[in-house]
Number of protein chains: 2
Amino acid sequence: MVSIRDVARYANVSTATVSRALRGLSSVTAETRARVESAAAELGYVLPFNASSLASGLTNSVGVVAPFTSRWFFGTVITGIERVLRDEGLDLVLYGIGDAESRTRLFEQMSMRRRVDAMIVLCLPLTKRELAAVRSLGVPVVFVGTRVAGFSSVRIEDFTASAHAVDYLIRLGHERIGLICDDDPAPFGFTTPRQRKQGYLSALHAAGITPLPQWQAVGGFTVAGGEAAMNTLLDGDSPPTAVFALSDEMAYGALRTLRRRRRTVPEDVSLVGFDNHELAAALDLTTVAQPVVEQGSEAVRVLLDELRGRSTTPRDVVVPTELVVRASSGSPVGMPN
Amino acid sequence: MVSIRDVARYANVSTATVSRALRGLSSVTAETRARVESAAAELGYVLPFNASSLASGLTNSVGVVAPFTSRWFFGTVITGIERVLRDEGLDLVLYGIGDAESRTRLFEQMSMRRRVDAMIVLCLPLTKRELAAVRSLGVPVVFVGTRVAGFSSVRIEDFTASAHAVDYLIRLGHERIGLICDDDPAPFGFTTPRQRKQGYLSALHAAGITPLPQWQAVGGFTVAGGEAAMNTLLDGDSPPTAVFALSDEMAYGALRTLRRRRRTVPEDVSLVGFDNHELAAALDLTTVAQPVVEQGSEAVRVLLDELRGRSTTPRDVVVPTELVVRASSGSPVGMPN
DNA sequence: TTGAAAGCGCTAACAT
DNA sequence: ATGTTAGCGCTTTCAA
C-alpha cells in the first residue's frame with residue numbers, strides 16, 4: 001500500500017510537505033505543490049482518512065439524522081446538504097431512524113460520537129434526554145424544520161404559511177373549511193403539524209368563523225390517511241366546501257376520494273395542500289410551496305460558519321414560503337368569481 | 001477526553017481487554033465484558049472511530065453512490081440499505097452525483113479510497129474508466145439495477161417485466177400501443193430504459209404488431225416529460241389506445257395531459273406505468289411493481305457476504321416484479337371485457 | 001482468557 | 001517554505 005512516504009520520496013520532499021500540499025495549505029510554493037500532486041496522482045495516492053483523522057482530531061464528516069430517507073421532502077433536503085458538503089470536501093454520514101427502536105438505539109449509543117465533526121438533524125424535535133446526548137457530542141448541530149433553544153435552525157414559518165393559505169380560501173368565499181391534519185400529539189414528537197393547525201384555526205378565528213369539529217379529520221401525513229380523512233369529512237354534517245391538507249401527500253389521498261366519489265374539483269370541493277411536492281404541479285394542486293433543497297444547503301452553510309469559528313451564536317434562518325395557486329381551488333359554487 | 005486507558009483503569013483490566021470487550025470479541029468472559037461495558041457506559045466512552053480504524057485498517061463504513069437522492073426510487077433503496085447497515089454497525093457514507101461535473105470529480109479523485117470498506121452503486125452504468133477506478137479501490141462493490149461483469153448485482157428483469165406489461169395490454173385487445181420512453185442513448189449511460197423499450201418491442205413483435213414510429217415519444221423520466229410525450233402521442237396519426245410509460249412519474253405526466261384534454265382513462269386511453277411508485281395507488285395507475293427497499297437490503301447482504309469472506313464469486317440477484325392492475329387500464333372501447 | 005508493547009500512517013509543533 | 005520528530009489512541013501480535 002502506497003504511503004505518504006512513497007509520495008515524499010517520489011517528489012523529493014518531506015512527508016510533512018506532502019501532507020501540506022495535498023491538503024491545500026497555503027504554506028507551499030506552487031511549484032512544490034504541483035510536484036507533489038503529480039507524484040500523488042502517479043502513485044494513485046490519497047490521504048488516508050483514518051490516519052489523517054487520528055492525527056488531526058477531525059473526521060471531515062457531517063452526520064445527518066433523518067427520520068425517513070424515502071419521503072420526497074427528506075430526500076430533497078439531503079440533496080441540498082450533500083451538494084454543499086461535497087463542494088467543501090466533507091463527507092455525509094447518514095443516520096436513518098425509521099422507527100422508535102432505531103431512534104432509541106441511535107441516541108443511546110451515540111454512535112456518531114467522534115465520528116462526525118458536526119450534525120444536521122432533520123425535522124425531528126428531540127426529547128430532553130436526546131438533546132442532552134446531542135449536546136454532549138460537543139460539535140455544532142443545526143436543526144432543519146424545528147427550532148431548538150441553544151442551536152441554530154433553518155425552517156419555515158408553518159403557522160403563518162398555513163394561516164395565509166386558509167385566509168386565501170376564506171377570501172375565495174368559503175365558509176366551511178375542512179382540515180386534514182395529524183394526530184395530536186403527533187408521532188415522533190413533530191411540532192410542525194400542530195403549528196400548521198394553529199395557523200388554520202387562527203385564520204378562521206380572524207374571519208369570525210367557528211370551526212366545527214366535523215371539519216377536522218386525521219390523515220397521518222400519508223396518502224392513504226388523506227384518502228380516509230376526506231371520506232370522513234364528506235360524510236359529516238354540513239361538509240366543507242374547501243379543505244386544507246397539512247401536506248401534499250394527504251391532499252393526493254383526498255383527491256383520490258373526491259375522484260372516486262365523483263366530486264369535481266374545485267367546483268364541489270376546493271383543495272389546498274402544503275409543501276409543493278414534486279407532483280403537486282402534475283396534479284394541479286394549489287399548495288404552500290417551501291424551498292427544500294435550499295433548506296438543506298443553507299443548513300450546511302450555517303454549520304460551516306460554526307465549524308470554522310465564523311459564528312458562535314446560534315442562528316435561526318427562516319426561509320420564505322409562497323402560496324402557489326393551481327386548478328384545485330376556486331370560489332364555492334354560487335359565488336361570483 | 002476519556003480514552004480507552006481510563007476505561008481500562010476503571011474496570012481493572014488492560015486496554016487490550018477493553019478493546020476486545022467493546023468490539024464483542026468472543027475471547028472475553030461474560031463477567032469481564034459486563035464490567036468493561038458498565039465502565040464504558042459510566043464514563044460515556046465509545047471506541048473512537050479514527051483510532052480504531054487506523055489500527056485495524058477497517059473503516060466500518062460503506063459508500064453509496066447515487067445519481068439522485070430526492071427521487072423516490074433512490075431514497076427508498078437507500079432506506080433499505082441504511083437499515084441493514086445500521087443493524088450491522090456499519091456507517092453509510094453518501095456520494096451523490098447529481099451532475100456530470102460531480103460525477104467526474106468523484107471518480108477522478110476517488111475520495112472514497114481508504115474511506116469505505118465496500119461500495120454500493122445505484123443504477124449507474126459506469127464507463128470503462130470509472131469501472132477501472134472502482135476496481136482499483138480493492139473493496140467489494142455491489143451494483144443495484146445494473147449488471148456489471150466481475151461484480152455482484154441486485155436488479156430486476158427489465159426486459160421481461162416490460163414485455164409482460166405490454167402483453168397484458170395486447171391481451172386486453174389493444175392493437176395501437178404507445179410508448180413513453182427516454183432518449184436513446186439515455187443520459188448518464190442508463191441501460192434500464194433501453195431494456196424496457198426492448199421488452200415493449202418484443203411483446204409487439206410476438207403479437208405480430210408492427211410498431212409505428214408515431215407511437216413512441218420521449219419523456220425523459222420526468223413528469224413534465226411524460227406530459228409532453230402524451231401530447232405528442234395524441235397528436236399523431238392513428239394515436240394509440242393504450243400507452244406504456246417506462247416509469248410511473250412519466251405516467252403521472254401523461255395522466256395530466258389526458259385530464260386536460262378530457263380523455264377518460266381507461267375508456268379513451270389505457271395507461272400502464274413502471275415502478276409502483278408510492279403514489280401509483282393513489283392515482284389508480286396500473287404498473288409494474290418492483291421491490292425497492294428489498295433491493296437495497298439485499299445489496300447489503302450480498303456485500304456483507306463478500307466483506308466477510310463468505311462469498312468470493314460475484315452473485316447476480318434478480319428480484320421479482322409483478323404487474324399490479326388498477327383502474328387506469330382496460331379493454332379498448334367496443335371490445336368485450 | 002488476559003496483559004505488555006509495538007506499530008497503524010498520518011499531522012502538528014518546532015526548528016531551520 | 002520546508003524538514004524533523006513526537007505523538008494521535010487504538011488493535012494486534014506475542015507471551016503468559
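Letters go in sequence order (proteins before strands), and every chain restarts at 1.
- Shown here are the salt bridge (Lys or Arg N to Asp or Glu O under 4.0 Å) partners of B:Glu37, two or more places apart in sequence or in another chain: there are none.
- Cation-pi geometry between A:Arg71 and A:Phe74 is not met: the NZ or CZ atom fails to fall both under 6.0 Å from the ring centre and inside 45° of the normal.
- Chain A approaches DNA chain D over the interval D:dA1 to D:dG9, counting the first and last nucleotide 5' to 3' with an atom under 4.0 Å from its heavy atoms.
- Under the salt bridge (Lys or Arg N to Asp or Glu O under 4.0 Å) criterion, B:Arg86 pairs with B:Glu82, B:Asp91, sequence neighbours left out.
- When DNA chain C is scanned in the 5' to 3' direction for atoms under 4.0 Å from non-hydrogen atoms of chain B, the outermost contacting nucleotides are C:dT1 to C:dG9.
- With respect to B:Leu303, the side chain to side chain contact (heavy atoms under 4.5 Å, CB included) criterion is satisfied by exactly one of B:Leu90, B:Val141, B:Val139, B:Ile120: B:Ile120.
- Every salt bridge (Lys or Arg N to Asp or Glu O under 4.0 Å) that A:Asp6 has, sequence neighbours left out, goes to A:Arg9.
- The stretch residues 23-47 of chain B touches DNA chain C through B:Ser27, B:Val28, B:Thr29, B:Thr32, each having a heavy atom within less than 4.0 Å of the strand.
- Summarising the geometry of B:Arg113 relative to B:Leu137, their closest heavy-atom pair is CA-CD2, 3.6 Å, with the distance given to 0.1 Å.
- For B:Asp87, the side-chain contact (heavy atoms from CB on, under 4.5 Å) test picks out A:Arg105, with sequence neighbours left out.
- Counting only residues at least two apart or in different chains, ring pair (Phe, Tyr, Trp, His ring centres under 6.0 Å) contacts with residues 109-128 of chain B are absent.
- For residues 90-124 of chain A, no residue pair satisfies the ring pair (Phe, Tyr, Trp, His ring centres under 6.0 Å) rule, not counting sequence neighbours.
- For the salt bridge (Lys or Arg N to Asp or Glu O under 4.0 Å) condition, no pair includes a residue of residues 51-65 of chain A, sequence neighbours left out.
- Contact check of residues 2-19 of chain A against DNA chain C (heavy atom, cut-off under 4.0 Å) returns A:Ser3, A:Ile4, A:Ala16, A:Ser19.
- Cation-pi geometry between A:Arg114 and B:Phe49 is not met: the NZ or CZ atom fails to fall both under 6.0 Å from the ring centre and inside 45° of the normal.
- Residues satisfying the side-chain contact (heavy atoms from CB on, under 4.5 Å) test with A:Pro193, not counting sequence neighbours, are A:Asp182, A:Ala186, A:Phe190, A:Phe221.
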